[in-house]
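Because the structure is a prediction, the values reported are computed rather than measured. What you see below is based on every heavy atom in this structure, not just the backbone, and it leaves out hydrogens, waters and symmetry mates. Throughout, numbering of the chain's residues begins at 1 and tracks the sequence.
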Amino acid sequence: MRAERTKTFLVESYVPHLDGPTAATMAGQVERAVAELQRLGIAMVWLRSVVLLGEETCFSMFSAQKVDHVIEANERAGVAFDHVVEVVTIEARS
């Protein structure tokens, strides 16, 4: 059986009244949920989140084999999300 490749996923969450402390709380919840799934043998990593305070929007990136794992992590964290999509990242060469 062939192992599935790891993919990168972007999660978009609209969060009314989003501010720095709320974003930090959300990040902690996501980090704990991902750790729980890792303990269950699911290979995934929360990579980072980018918060647009004036837009009340948070974008979080994950490395995982399945979109279902990303969805489960956010559900366990209690973080509502509007969109989850596989993305390709391109890093600066410098």
Taking [X] for its side chain and [Y] for its backbone only, find out whether a donor-acceptor pair lies under 3.5 Å.
X	Y	value
Thr22	Leu18	no
Thr25	Ala23	no
Gln38	Met44	yes
Gln65	Arg5	no

Hey, could you give me the [atom1]/[atom2] distance between [X] and [Y], rounded to the nearest 0.5 Å?
X	Y	atom1	atom2	answer
Arg48	Thr89	CZ	OG1	7.5 Å
Leu52	Tyr14	CG	OH	12.5 Å
Glu12	Cys58	CD	SG	10.0 Å
Phe9	His69	CZ	NE2	9.5 Å
Lys7	Phe62	NZ	CZ	16.0 Å

Stepwise side chain to side chain contact (heavy atoms under 4.5 Å, CB included) test for Asn74 and Val30:
CA-CA 6 Å; Asn74 281 273; Val30 167; 4.3 Å; yes

Check whether more than 12 heavy atoms from other residues, nucleotides or ligands sit under 6.0 Å from atom NZ of Lys66, and answer yes or no.
no

Residue pair Val11 / Val70: nearest heavy atoms and the distance that separates them:
CG2-CG1, 3.4 Å

Heavy-atom pair with the smallest gap, counting every atom of Ala80 and Ser13:
O-OG, 2.9 Å

Going only through I, L, V, M, F, W and Y residues with side-chain contacts under 4.5 Å, is there a path from [X] to [Y]?
X	Y	result
Val84	Leu37	yes
Trp46	Leu10	no
Phe59	Val79	no
Leu47	Val34	no

Salt bridge present between Arg76 and Glu72 (N-O < 4.0 angstrom)
yes

